[in-house]
Amino acid sequence: MGCFSSKARRQFPGREDPVILASQTAFTVSEVEALFELFKSISSSVIDDGLINKEEFQLALFKNKKKENIFANRIFDLFDVKRKGVIDFGDFVRALNVFHPNAPLEDKIDFSFKLYDMDGTGFIERHEVKQMLIALLCESELRLADETVEVILDKTFLEADVNQDGKIDKAEWQDFVSRNPSLMKIMTLPYLRDITTTFPSFVFHSEVDEIAT
Amino acid sequence: RPTMMNAFELISTSQGLNLGTLFEK
């Protein structure tokens with residue numbers, strides 16, 4: 001196992017100790033190692049440098065590297081916490097941790113707020129929501145008249161922007177999602193419960209002596 | 001009377017927000 005370990009660290013510069021990553025997240029050591037199998041495959045799909053760049057991330061999401069998508073870009077930026085333009089293994093595990101079924105709801109709400117606060121102003125503003133809505137319409141087959149888009153925005157801000165100052169703050173967002181729990185569905189990935197069975201090859205590449213379950 | 005989806009319900013249907021596809025081989 002020793003030769004695997006040193007080789008893996010050379011090839012994956014941001015690779016952190018799976019035992020430490022497991023201690024910081026809802027994942028077991030085995031699950032962290034299974035996630036590494038997924039990470040290896042995504043991070044080698046375009047440039048085999050042990051890091052995930054935006055093109056590789058979009059390729060993994062859409063199975064088509066030509067697809068540009070503002071939502072995928074936004075998720076990538078939130079995974080790339082060190083703002084390096086690439087996602088290392090530690091970033092990958094800690095960001096996916098928020099999507100674990102056992103992760104605290106507070107963390108999911110925080111992440112979703114940042115997702116929609118595209119400008120990072122600390123508020124979800126109407127122009128941001130409009131931009132995302134228009135992007136969604138371009139991406140889907142859905143065709144809506146401009147007036148309908150405005151009516152949807154009016155209705156959304158009437159419900160979410162309780163103090164009616166034209167923007168949604170964190171407290172208003174927490175209140176809004178508690179009234180609309182379906183909005184948090186995208187923040188939980190049931191797949192994360194089964195990653196050791198999805199990527200069973202992790203047992204051959206394990207760096208730890210005993211696989212915790 | 002059909003209820004209109006709010007903007008976030010619509011946005012959350014984007015394929016770019018469906019990270020589940022990362023796990024599909």
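In the text below, chain A, chain B and the rest are named by the order of the sequence lines, each starting its count at 1.
- At a threshold of 4.5 Å between non-hydrogen side-chain atoms, the residues Leu10(B) and Leu142(A) count as touching.
- For a heavy-atom cut-off of 4.5 Å, chain B lies close to Leu115(A), Tyr116(A), Ile124(A), Val129(A), Met132(A), Leu133(A), Leu136(A) in residues 114-137 of chain A.
- Lys185(A) places no side-chain N or O within donor-acceptor distance of the main-chain N or O of Ser12(B), the cut-off being under 3.5 Å.
- Neither the backbone nor the side chain of Phe157(A) comes within contact range of chain B; no heavy atom of the residue lies under 4.5 Å from a heavy atom of that chain.
- The minimum heavy-atom distance between Met5(B) and Lys155(A), with the atom names listed, is C-NZ, 4.5 Å.
- Contact of Leu189(A) with chain B is made through the side chain alone, with heavy-atom distances under 4.5 Å.
- Residue Leu22(B) holds its CG atom at 9.5 Å from CG of Leu192(A), rounded to the nearest 0.5 Å.
- Listed by sequence position, Phe79(A), Leu96(A), Phe99(A) are the residues of residues 77-100 of chain A in contact with chain B, using a 4.5 angstrom heavy-atom cutoff.
- If you measure heavy-atom distances from Ile42(A) to chain B, the contacts under 4.5 Å come from the side chain alone.
- Leu38(A) touches chain B through its side chain: at least one heavy atom from C-beta onward sits under 4.5 Å away, while N, CA, C and O do not.
- Heavy atoms of Ser140(A) lying under 4.5 Å from chain B are absent altogether.
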Q: Begin with the C-alpha distance, continue with both residues' side-chain angles, and end with the deciding distance and a verdict on side-chain contact (heavy atoms from CB on, under 4.5 Å) for Asn180(A) and Phe8(B).
A: CA-CA 10 Å; Asn180(A) 296 271; Phe8(B) 297 104; over 6 Å; no

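- Across all their heavy atoms, Glu24(B) and Lys63(A) have their closest contact at O-NZ, 3.1 Å.
- Summarising the geometry, atom OG belonging to Ser182(A) is positioned 7.5 Å from atom CG belonging to Asn6(B); distances are rounded to the nearest 0.5 Å.
- The part of Leu35(A) that comes within reach of chain B is its side chain, from C-beta onward, which places non-hydrogen atoms under 4.5 angstrom from that chain.
- Residue-environment remark: CG (Asn163(A)) exceeds the threshold of 12 foreign heavy atoms within 6.0 Å.
- Put simply, the side chain of Gln15(B) never gets that close to the backbone of Phe62(A): no donor and acceptor are under 3.5 Å apart.
- Annotation: maximal heavy-atom pairing with chain B below 4.5 Å, among Ile70(A), Thr148(A), Ile75(A), occurs at Ile75(A).
- Within the 4.5 Å cutoff, the side chain of Phe71(A) has heavy atoms near those of the Ile11(B) side chain.
- When all heavy atoms are compared, the tightest approach of Ser14(B) to Glu139(A) is OG-OE1, 2.8 Å.
- Chosen from Thr156(A), Val149(A), Val151(A), Asn73(A), the residue pairing most often with chain B at heavy-atom distances under 4.5 Å is Thr156(A).
- Taking every heavy atom of both residues into account, Ala7(B) and Leu153(A) meet most closely at CB-CD2, 4.5 Å.
- Note: Asn18(B) CG to Ile186(A) CD1 = 9.0 Å, rounded to the nearest 0.5 Å.
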